[in-house]
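Note that the numbering runs from 1 along the sequence shown for the chain.
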Amino acid sequence: NRQRRWYYGSDWSPSYVTPMTSADDTTPGRVHFYTRMTKMDALQQAADNFIAQTAAENAEITDQTQQHRIALVKFAGNSSDSPGNNTYTYDGNTYNYSQIMSGFQYVDGNTSRTLQNTVNSLDGNGSTRADYGLAHANRLMNGRANGGYGDGARSYAQRVVIFFTDGQPTSSDGFEG
């Protein structure tokens with residue numbers, strides 16, 4: 001009669017653990033399996049991890065022209081060609097603009113912290129206008145962005161857009177998917 005136990009890893013190489021019984025369980029050696037977080041918290045954590053991983057990979061590449069670069073675009077309500085993290089007021093409510101937050105940057109220890117701080121300054125207010133965000137990303141890639149963002153993506157580099165969203169496309173405050 002084999003006892004069922006919690007583990008992670010593979011069946012042939014398990015690491016056995018004892019789960020916490022609640023978030024208030026302080027028994028030593030017990031593992032917390034869950035964390036409640038908002039969609040914005042999850043997005044920020046995923047983006048922070050991506051930025052940190054990119055910086056770690058760049059640390060192994062000596063030729064800066066071959067290093068990865070990251071730009072940041074947010075998408076929400078109305079579109080703005082001004083760079084930043086700006087908001088607007090409509091009908092007494094404050095909403096985010098869809099706009100470029102940061103032009104392309106080589107990612108190292110210093111710029112990764114700046115990019116992460118920019119991501120962590122995001123606040124979910126407004127629509128989820130993916131079309132505006134992708135239009136800004138396209139302008140960045142093709143060197144047509146306002147604000148002194150340079151010539152866009154390097155012609156010899158693979159161009160990738162990583163699109164983080166809450167999965168609820170909207171142009172107002174209701175679901176339109």
Side-chain angles (χ1 to χ4, degrees), residues 36-59 61 63-177:
R36 288 204 184 269
M37 64 173 45
T38 66
K39 290 179 183 179
M40 182 59 75
D41 291 337
L43 174 139
Q44 289 168 330
Q45 183 179 20
D48 285 351
N49 290 340
F50 175 77
I51 293 166
Q53 182 63 39
T54 302
E57 287 186 23
N58 276 351
I61 302 171
D63 181 358
Q64 188 182 44
T65 65
Q66 299 302 310
Q67 290 181 350
H68 306 289
R69 298 187 310 161
I70 293 178
L72 297 174
V73 173
K74 70 174 182 169
F75 54 99
N78 293 344
S79 185
S80 172
D81 287 338
S82 298
N85 188 13
N86 302 327
T87 59
Y88 63 96
T89 303
Y90 176 76
D91 204 21
N93 296 306
T94 301
Y95 300 102
N96 283 314
Y97 277 111
S98 295
Q99 67 189 135
I100 295 167
M101 297 182 74
S102 164
F104 286 106
Q105 298 181 45
Y106 290 100
V107 185
D108 61 22
N110 293 325
T111 58
S112 67
R113 282 185 289 284
T114 300
L115 289 165
Q116 288 168 330
N117 289 339
T118 300
V119 166
N120 292 325
S121 72
L122 290 171
D123 186 25
N125 290 316
S127 306
T128 306
R129 292 299 305 257
D131 55 336
Y132 290 162
L134 290 172
H136 283 299
N138 185 41
R139 287 182 25 245
L140 261 174
M141 290 279 199
N142 293 312
R144 295 190 318 264
N146 294 336
Y149 288 125
D151 297 329
R154 298 168 297 196
S155 61
Y156 57 87
Q158 183 177 10
R159 299 171 185 209
V160 178
V161 172
I162 299 174
F163 188 75
F164 292 95
T165 178
D166 63 8
Q168 297 177 323
T170 62
S171 59
S172 62
D173 60 357
F175 181 76
E176 299 172 354

Does [X] reach the side chain of [Y], with side-chain heavy atoms less than 4.5 Å apart?
X      : Y      : value
Asp108 : Gln67  : no
Val73  : Val161 : no
Val107 : His68  : no
Leu72  : Leu115 : yes
Tyr156 : Gln66  : yes

Sub-3.5 Å donor-acceptor pair from the side chain of [X] to the main-chain atoms of [Y], do we have one?
X      : Y      : answer
Arg159 : Asn142 : no
Lys74  : Asn86  : yes
Thr87  : Asn96  : no
Gln116 : Ile51  : no
Asn138 : Leu134 : no
Thr111 : Tyr106 : yes
Arg113 : Gly109 : yes

| Ser79 side chain to His136 side chain, donor-acceptor N/O pair below 3.5 angstrom |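 A donor-acceptor contact under 3.5 Å links the two side chains.
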
| said: Classify the ring geometry of Tyr88 against Tyr97: parallel below 30°, tilted from 30° to 60°, perpendicular beyond 60°. | reply: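 Tilted: the ring planes of Tyr88 and Tyr97 meet at 30° to 60°.
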
| query | Is it true that atom OH of Tyr90 has more than 12 heavy atoms of other residues, nucleotides or ligands lying nearer than 6.0 Å? | reply |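 Result for OH/Tyr90: open.
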
